[in-house]
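Here is the structure we will look at.
As the structure is a prediction and not an experimental result, all values here were calculated from the model. When reading the values below, keep in mind they use all heavy atoms of this one structure, side chains included, and skip hydrogens, waters and symmetry mates. Each chain gets a letter, A, B and so on, in the order the sequences are listed, and its residues count up from 1.
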Amino acid sequence: MNLEQALSDHIASAIETLYGSNTQPVKLERTNPDFAGDYTFVVFPLLRLSKSTPEATANAIGESLKENAPIVSDFNVVKGFLNIVLNTQIYADFLKDNWNNASFGQTSIGKGKKVMVEYSSPNTNKPLHLGHVRNNLLGVSVANLYKTAGYDVVMANLVNDRGIHICKSMIAWQKFGNGETPESTGMKGDHLVGKYYVIFENALREETLPTIESALTGNWTPEGDIAQTKYAAIYGQLQQATEEKQISKLKDDIKELVRNQSPLMRETQQMLRDWEAGLPEVISLWQTMNAWVYSGFEKTYARLGVSFDQYYYESNTYKLGKDVVDEGLQSGVFYRKADGSVWIDLREDGLDEKLVLRGDGTSVYITQDIGTADLKFQQHQVDQSIYVVGNEQDYHFKVLFLIMKKLGRPFANGMHHLSYGMVDLPSGKMKSREGTVVDADDLVQEMVDEAKAKTIELGKTEGLSESELNHLYESLGLSALKFFILKVDPRKRMLFNPQESIDFQGDTGPFIQYTYARIQSILRSAGEGDWQTSEINSALLPMEIETIQTLYRYPEEVNKACNESSPAVICQYAIDLARTFNRFYNECHIMRETDPIVKNTRLKLAYHTAHTLKHALGLLGIEVVERM
RNA sequence: GACCUCGUAGCUCAGCUGGAUAGAGCAACUGCCUUCUAAGCAGUAGGUCACAGGUUCGAAUCCUGUCGGGGUCGCCA
């Protein structure tokens with residue numbers, strides 16, 4: 001029986017006997033730490049019913065509770081706030097029942113339900129950066145949250161392995177690569193391919209520089225009527241434009257036009273056509289370079305603790321969705337324009353018209369996503385599908401989900417976009433063109449190096465072997481990184497300052513790990529013993545009660561985190577628990593305590609805390625360390 | 001231009017389904033290691049919750065407007 005529920009019921013019946021029928025549900029809050037009490041009931045909304053002052057109403061309910069509810073030991077009233085103190089026996093009982101409950105923290109809100117979490121979804125033309133790190137860590141953690149809440153989870157990765165961006169790396173490697181391979185250079189495959197992507201962009205910039213200059217001053221004649229009209233239109237706008245933002249956008253548009261007509265880009269576009277036509281040389285090069293990238297990604301994923309049950313490749317799925325477009329045309333959800341392109345009108349839903357198939361019958365981004373959605377649900381029979389994708393695609397997913405609903409897909413209501421904010425640098429957004437990306441591999445390595453330096457500086461690890469030490473540095477470094485990222489609300493954008501290193505003190509992963517290691521040290525010296533079977537002291541001290549109360553909250557927090565798809569909830573909780581325990585640790589001795597019952601109770605409390613911290617860190621994809 | 005989103009301490013973030021005196025961490029300053037790990041604990045200082053209205057017993061939280069940051073509105077993905 002849930003404590004809060006029991007208390008609510010008691011209050012409800014107290015109100016009923018005192019004032020007659022009460023229609024409003026009883027809302028309880030945790031008592032503000034500055035006041036005495038465990039739960040607080042706010043009586044203001046009841047005044048109409050009680051026809052009395054706030055104080056009198058609160059006192060009347062309090063008296064009634066004290067008399068009739070065995071779980072209530074005392075109460076106090078401050079203005080309209082009824083602070084209820086629970087019987088400490090309840091906390092002793094809770095500890096007794098749960099201290100070595102191995103499944104404490106697992107819940108059942110997702111029992112019998114299946115969910116797919118799609119995340120990572122990298123492009124195979126360059127290595128992963130800090131933005132991907134946030135995506136991956138969120139994906140893993142959200143999947144863990146669903147698992148621990150009882151869901152059956154499929155972790156999926158939709159790899160963007162085709163398209164013009166891949167061809168750029170391929171062209172550059174063909175032209176300037178001199179047959180370089182990961183083996184010949186000793187470079188990680190994804191970094192090697194990324195290097196050629198950068199080389200391509202540089203070559204393109206150099207090649208188009210003179211043309212862009214003339215184009216920006218109106219002295220350029222693009223090839224083809226369409227391009228000429230477009231250029232004329234943009235250039236016309238540019239001359240009218242006054243706003244700085246608009247000017248730079250129009251300039252970018254012109255640059256884009258010029259680039260698209262450059263010889264290098266044409267070559268790249270031709271390669272994409274050859275790829276789609278299945279030209280063996282192109283396919284073979286594509287396979288070779290993709291393989292390099294995958295082997296690089298594998299290393300990064302492994303180090304981050306990221307894994308998948310199901311891979312989808314866009315090279316396989318990019319033609320999906322066309323059948324659905326036909327289906328939608330027949331049912332009248334979509335319509336065809338004169339040029340043969342297919343559209344959906346979403347204006348009634350506050351959105352725009354949206355293209356779902358080009359006039360030449362080829363797919364656009366959303367066509368694939370429509371098809372892939374069907375595929376996912378057919379293949380795995382999931383009840384829900386979570387897309388972990390950046391918030392720049394909010395509109396896209398709004399449209400996608402609406403389309404699936406209009407197509408009458410029963411699963412449409414189970415589709416969710418976990419829209420996370422970008423990771424910004426102090427200078428603003430990360431831009432690969434400007435070389436301001438924070439590389440994932442570099443970042444992880446820096447964190448591990450820093451963990452090593454910090455550990456050596458503290459010098460508390462004698463007796464550990466070389467490999468144990470390396471494992472420790474890895475755990476601590478990744479813990480700091482993961483916690484730093486997961487601590488903030490996924491929906492918000494966050495700032496990362498490469499100049500200031502990520503902390504190992506305060507609200508950090510290592511702080512939680514430290515608290516765990518500290519407890520392990522105590523448990524090691526306690527060993528196996530009669531403390532495990534001893535009875536529980538029910539005359540608990542305030543600090544002990546507070547720690548137990550924090551533990552008691554954990555399953556609720558897990559459910560909250562799961563419902564909100566927010567690992568940040570777990571981070572905040574873990575900080576709270578670790579801090580509370582550390583205060584308890586400072587105030588109450590464990591091994592030095594002479595009363596055996598008190599000592600044994602505290603050992604159980606420590607044990608339970610350690611288990612909960614380990615479970616919470618596990619949800620975040622962070623491992624605990626036994627010593628540090 | 002339209003729509004979405006954010007604005008809380010010097011910095012990074014909690015709190016937001018309305019409740020009491022707005023909380024942490026970092027940075028600064030003070031204390032606490034002959035007693036279970038000081039990656040810790042206790043404390044000092046730091047706030048016009050962007051601004052202006054509104055809703056009500058009560059607003060950081062809900063509504064409207066203004067200002068500021070970011071994003072989207074491609075037959076790119």
Side-chain angles (χ1 to χ4, degrees), chain A residues 27 29 31-35 40 42 44-45 47-48 54 78-81 83 121 123 160 162-165 246 253 256 314 318 337 339 341-343 350-352 354-360 362-366 368-369 390-396 398-399 419 421-422 424 426 428-429 451 454-455 457-458 460 476 480 484 487-489 491-497 500 502-515 517-526 568-569 571-572 575-576 578-579 581-593 599 602-603 606 627-628:
Chain A
K27 250 185 79 180
E29 295 161 37
T31 300
N32 185 317
D34 296 341
F35 299 89
T40 295
V42 184
F44 288 111
L47 299 185
R48 211 163 296 155
V78 183
K79 290 187 267 181
F81 299 89
N83 299 321
S121 309
N123 291 339
N160 186 355
R162 70 172 278 280
I164 198 82
H165 50 283
Q246 197 194 358
D253 288 348
E256 198 63 34
E314 274 197 30
Y318 78 102
K337 286 195 178 177
D339 64 355
S341 57
V342 181
W343 296 73
L351 305 173
D352 279 317
K354 177 83 184 174
L355 178 101
V356 294
L357 198 68
R358 291 191 186 104
D360 63 5
T362 56
S363 302
V364 288
Y365 180 37
I366 201 148
Q368 303 173 41
D369 267 4
N391 62 9
E392 56 204 347
Q393 294 199 34
D394 283 356
Y395 186 77
H396 172 77
K398 233 187 207 171
V399 171
S419 160
M422 298 289 108
D424 287 332
K429 213 179 164 181
K454 181 86 186 167
T455 307
E457 185 190 318
L458 290 172
K460 293 193 289 192
L476 292 173
F484 175 82
K487 187 177 64 170
V488 341
D489 185 333
R491 280 159 276 274
K492 292 192 178 173
R493 45 196 283 262
M494 63 177 289
L495 193 103
F496 174 76
N497 188 344
E500 297 168 16
I502 293 174
D503 277 314
F504 286 78
Q505 269 155 25
D507 291 353
T508 66
F511 166 63
I512 319 281
Q513 289 173 308
Y514 174 76
T515 308
R518 210 180 208 187
I519 296 173
Q520 292 313 303
S521 168
I522 295 169
L523 294 176
R524 275 194 298 272
S525 61
V569 171
C571 289
Q572 297 299 336
I575 291 169
D576 198 3
R579 213 198 317 272
F581 181 85
N582 281 327
R583 274 196 290 137
F584 158 72
Y585 174 95
N586 255 264
E587 225 172 81
C588 308
H589 291 279
I590 298 175
M591 294 312 285
R592 226 188 57 163
E593 173 59 46
K599 176 179 169 183
R602 288 179 183 169
L603 277 168
R627 288 185 56 185
M628 64 185 275

Provide, to the nearest angstrom, the distance between the [atom1] atom belonging to [X] and the [atom2] atom belonging to [N].
X: A/Asn32; N: B/U21; atom1: CG; atom2: C1'; result: 8 Å
X: A/Glu500; N: B/C13; atom1: CD; atom2: P; result: 11 Å
X: A/Tyr395; N: B/U72; atom1: OH; atom2: C1'; result: 9 Å
X: A/Lys354; N: B/C76; atom1: NZ; atom2: P; result: 11 Å
X: A/Phe44; N: B/G19; atom1: CZ; atom2: P; result: 13 Å
X: A/Ile575; N: B/C41; atom1: CD1; atom2: C1'; result: 17 Å
X: A/Ile512; N: B/G25; atom1: CD1; atom2: P; result: 12 Å
X: A/Gln520; N: B/C36; atom1: CD; atom2: C1'; result: 13 Å

Starting the side chain at C-beta, find the nucleotide from [options] nearest to [X].
X: A/Arg518; options: B/C41, B/A39, B/A38; result: B/A38
X: A/Trp343; options: B/C75, B/C36, B/G40; result: B/C75
X: A/His589; options: B/C36, B/A39, B/A14; result: B/C36
X: A/Arg579; options: B/C13, B/U37, B/G25; result: B/G25
X: A/Glu392; options: B/C36, B/U72, B/U37; result: B/U72
X: A/Arg493; options: B/G69, B/U37, B/A39; result: B/G69
X: A/Gln505; options: B/C75, B/A39, B/A14; result: B/A39

[N] phosphate, OP1 or OP2, under 4.0 Å from [X] side-chain N/O:
X: A/Lys492; N: B/A14; answer: yes
X: A/Arg583; N: B/A42; answer: yes
X: A/Asn582; N: B/C41; answer: yes
X: A/Lys398; N: B/C3; answer: no
X: A/Ser525; N: B/C36; answer: no
X: A/Arg358; N: B/C76; answer: yes
X: A/Lys27; N: B/U17; answer: no

Residue mapping more 5' on RNA chain B - nearest nucleotide basis, A/Tyr365 or A/Val42: A/Val42
Taking pairing as Watson-Crick or G-U wobble with both contacts under 3.5 Å, can you name the mate of [N], or confirm there isn't one?
N: B/G47; value: none
N: B/A42; value: B/U30
N: B/U56; value: none
N: B/C11; value: B/G25
N: B/C3; value: B/G71
N: B/G18; value: none

Mind checking if [X] touches a base, just sugar-phosphate, or nothing, with heavy atoms under 4.0 Å?
X: A/Leu495; result: sugar-phosphate
X: A/Val488; result: sugar-phosphate
X: A/Met494; result: sugar-phosphate
X: A/Glu314; result: sugar-phosphate
X: A/Cys571; result: nothing
X: A/Leu47; result: nothing
X: A/Thr455; result: base
X: A/Pro54; result: nothing
X: A/Tyr585; result: base
X: A/Asn83; result: base

B/A20 base / A/Thr40 side chain donor-acceptor hit below 3.5 Å: yes
Side-chain-base donor-acceptor pair under 3.5 Å for A/Asp339 and B/C75: yes
B/U8 and B/C75, which share atom name P, separated by this distance in whole Å: 36 Å
Between A/Phe511 and A/Tyr514, ring centroids under 6.0 Å: no
A/Thr515 versus A/Asn582, side-chain donor and acceptor atoms under 3.5 Å: yes
Aromatic ring of A/Tyr514 stacked on base six-ring of B/G40, 5.5 Å, 30°: no
Stepwise salt bridge (charged side-chain N to carboxylate O under 4.0 Å, His left out) check, A/Asp360 with A/Arg358: CA-CA 5 Å; A/Asp360 63 5; A/Arg358 291 191 186 104; 5.2 Å; no
Trace of the side-chain contact (heavy atoms from CB on, under 4.5 Å) decision for A/Asn160 with A/His165: CA-CA 10 Å; A/Asn160 186 355; A/His165 50 283; 3.7 Å; yes
Salt-bridge criterion met for A/Asp339 and A/Lys337 (N-O under 4.0 Å): no
Gap separating the NZ atom of A/Lys398 from the CG atom of A/Leu351, nearest 0.5 angstrom: 6.0 Å
